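Please read these numbers as outputs of a predicted model, since none were measured by experiment.
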Amino acid sequence: MDIYKINDIGELINGNPYVGRGIVLGKSADGKKAAAAYFIMGRSSNSRNRIFTEKEGVIYTEPFDASKVEDPSLIIYAAVRTLDNKLIVTNGDQTDTIHDGMAQGKTFSQSLESRCFEPDAPNLTPRISGIIAFADGDFTYEMSILKSIDAEGTDCARFTFDFPSKAGLGHFIHTYVTDGNPIPTFQGEPERVAIPDDMDEFAEKIWNNLDADNKISLYVRYTDLATGEINSKIINKNR
């Protein structure tokens with residue numbers, strides 16, 4: 001087993017019916033851009049009734065058909081926000097928790113101390129979060145997963161991973177291993193994945209390999225480290 005292997009993300013997700021929600025952070029192969037991606041999947045009609053929208057630089061999950069919303073509490077939220085030199089990406093309303101906590105001087109992990117996994121027994125979906133901190137023409141990034149310590153949801157286990165940026169390398173964390181009942185939660189460290197120079201290539205690799213029935217939306221963003229120029233793309237299955 002090569003623990004330093006850099007995987008093709010398309011190969012990791014292809015044929016897997018349900019990896020849930022996923023975050024990828026890393027640096028392009030040419031070392032010139034910071035990459036971030038977030039996707040959502042869904043099995044129920046409530047989960048599938050979503051799209052990504054962008055409003056004033058914030059990426060939101062919103063209902064595609066408002067008349068069909070059953071429970072908005074865990075599916076409608078700000079997924080991507082910025083704060084000063086930081087880009088925050090999460091799979092729930094902890095985006096706002098991190099934003100507000102860091103605005104008050106807390107660290108990324110300290111800001112998440114008030115949160116835990118989602119109250120959706122029996123799945124007890126983990127909360128996954130990521131942050132890119134830009135400085136001096138480069139960046140570092142952190143990822144977090146908050147997950148149940150047991151099948152009953154008696155307490156929360158907290159894991160935070162801190163990475164330097166390396167050209168061509170990204171890390172991928174997702175909520176589930178695959179489909180199941182209950183759905184098995186993500187295990188271990190964030191997976192090492194290759195980050196190409198071209199944003200559209202990266203977006204297509206993720207979108208085209210996600211399960212066709214369960215994929216819902218994808219957001220990809222590349223930031224030029226020299227100029228700060230941002231290129232981004234939203235793909236919604238519901239149009």
Side-chain angles (χ1 to χ4, degrees), residues 1-7 9 12-13 16 18-27 34-41 74 77-81 83 86-102 104-134 139-166 169-180 182-195 206 219:
M1 179 180 179
D2 181 2
I3 63 172
Y4 296 112
K5 178 183 178 182
I6 300 178
N7 300 283
I9 192 169
L12 285 182
I13 60 180
N16 189 332
Y18 205 58
V19 291
R21 287 165 272 176
I23 297 171
V24 185
L25 302 178
K27 181 183 276 187
Y38 176 56
F39 65 79
I40 59 175
M41 304 179 75
L74 295 177
Y77 52 89
V80 183
R81 294 185 66 179
L83 174 67
K86 302 173 184 68
L87 178 68
I88 304 163
V89 186
T90 92
N91 74 324
D93 63 7
Q94 74 268 24
T95 307
D96 297 334
T97 306
I98 296 167
H99 178 278
D100 296 347
M102 297 192 79
Q104 297 167 12
K106 295 180 181 179
T107 66
F108 174 66
S109 58
Q110 287 171 342
S111 299
L112 284 164
E113 287 177 355
S114 64
R115 307 304 303 268
C116 65
F117 51 87
E118 296 180 1
D120 62 341
N123 296 317
L124 304 173
T125 299
R127 290 192 186 272
I128 56 172
S129 308
I131 188 166
I132 294 176
F134 296 93
F139 67 97
T140 58
Y141 57 102
E142 294 178 76
M143 296 180 127
S144 164
I145 183 166
L146 311 178
K147 55 190 293 186
S148 178
I149 202 165
D150 55 30
E152 292 72 38
T154 63
D155 213 334
C156 184
R158 303 170 182 277
F159 303 88
T160 302
F161 306 89
D162 192 342
F163 302 102
S165 62
K166 297 294 181 183
L169 175 63
H171 288 87
F172 173 37
I173 194 167
H174 41 101
T175 51
Y176 306 124
V177 176
T178 188
D179 205 354
I183 317 173
T185 62
F186 180 88
Q187 303 292 313
E189 298 179 15
E191 297 164 325
R192 294 161 59 91
V193 295
I195 306 292
I206 296 172
Y219 173 74

**OP:** Please work out whether the ring planes of F186 and H174 are parallel, tilted or perpendicular, with thresholds of 30° and 60°.
**Re:** perpendicular
Subject >> Residues which pass side-chain contact (heavy atoms from CB on, under 4.5 Å) with T107, listed by chain and number, not counting sequence neighbours >> reply: S109, Q110
Original post:
Between CD1 of I145 and SG of C156, what distance do you get to the nearest 0.5 Å?
Top reply: 9.5 Å
Subject >> Nearest non-hydrogen partners of L124 and S148, listed with the distance >> reply: CD1-OG, 3.7 Å
**OP:** Provide the closest heavy-atom pair for A78 versus D96 in the form atom of the first, atom of the second, distance.
**Re:** CB-OD1, 4.0 Å
Original post:
Out of curiosity, I131 CD1 to F108 CZ, how far, rounded to the nearest 0.5 Å?
Top reply: 6.0 Å
Original post:
Quick one: do the S129 and S144 side chains pair a donor with an acceptor below 3.5 Å?
Top reply: no
Original post:
N91 side chain to P126 main-chain N or O, any donor-acceptor pair under 3.5 Å?
Top reply: yes
**OP:** Check V177 against V19 and note the closest heavy-atom contact, atom names and distance.
**Re:** O-CG1, 4.2 Å
**OP:** Taking T175 for its side chain and T125 for its backbone only, find out whether a donor-acceptor pair lies under 3.5 Å.
**Re:** no
**OP:** Could you check whether the rings of F39 and F172 sit parallel, tilted or perpendicular, using 30° and 60° as the cut-offs?
**Re:** tilted
Original post:
Are the side chain of R158 and the backbone N or O of R115 linked by a donor-acceptor pair below 3.5 Å?
Top reply: yes
Original post:
Between P182 and P122, which heavy-atom pair has the shortest distance, and what is it?
Top reply: CB-O, 3.5 Å
**OP:** Enter the distance from L25:CG to L169:CG here, rounded to the nearest 0.5 Å.
**Re:** 11.0 Å
Original post:
Given T160 and E142, is the side-chain contact (heavy atoms from CB on, under 4.5 Å) satisfied, shown in steps?
Top reply: CA-CA 7 Å; T160 302; E142 294 178 76; 3.8 Å; yes
Subject >> Pair Y219-Y38, ring pair (Phe, Tyr, Trp, His ring centres under 6.0 Å): steps then yes or no >> reply: CA-CA 5 Å; Y219 173 74; Y38 176 56; 8.7 Å; no
Subject >> Sidechain-backbone polar pair: N7 side chain, R192 backbone, donor-acceptor under 3.5 Å >> reply: yes
Subject >> Under 3.5 Å: donor-acceptor pair, side chain of Q94, backbone of C116 >> reply: no
Subject >> side-chain contact (heavy atoms from CB on, under 4.5 Å) evaluation trace for I132 with K27 >> reply: CA-CA 11 Å; I132 294 176; K27 181 183 276 187; over 6 Å; no
Original post:
Out of curiosity, T90 OG1 to Y77 OH, how far, rounded to the nearest 0.5 Å?
Top reply: 6.5 Å
**OP:** Go through the steps to decide whether H171 and F161 satisfy the test ring pair (Phe, Tyr, Trp, His ring centres under 6.0 Å), and finish with yes or no.
**Re:** CA-CA 10 Å; H171 288 87; F161 306 89; 8.7 Å; no
Original post:
Counting only N and O atoms by type, is there a donor-acceptor contact under 3.5 Å from the side chain of E191 to the main-chain atoms of E189?
Top reply: no
Original post:
Within the distance-only criterion (no hydrogens, no angle test), does the side chain of T178 pair as donor or acceptor with the backbone N or O of N16 below 3.5 angstrom?
Top reply: no
Original post:
For the atom pair CD1 (I9) and CD1 (I195), what is the distance rounded to the nearest 0.5 Å?
Top reply: 7.0 Å
Original post:
Checking D155 side chain against I149 main chain: does a donor-acceptor pair fall under 3.5 Å?
Top reply: no
Subject >> Test log, rule side-chain contact (heavy atoms from CB on, under 4.5 Å), inputs I128 and M143 >> reply: CA-CA 7 Å; I128 56 172; M143 296 180 127; over 6 Å; no
**OP:** Identify the heavy atoms of S111 and T97 that sit nearest to each other, and give their distance.
**Re:** O-CG2, 3.2 Å
Subject >> Shortest non-hydrogen contact between F139 and A34, atoms and distance >> reply: CE2-CB, 3.5 Å
Original post:
How far does CG of L146 sit from OG1 of T185, to the nearest 0.5 angstrom?
Top reply: 12.0 Å
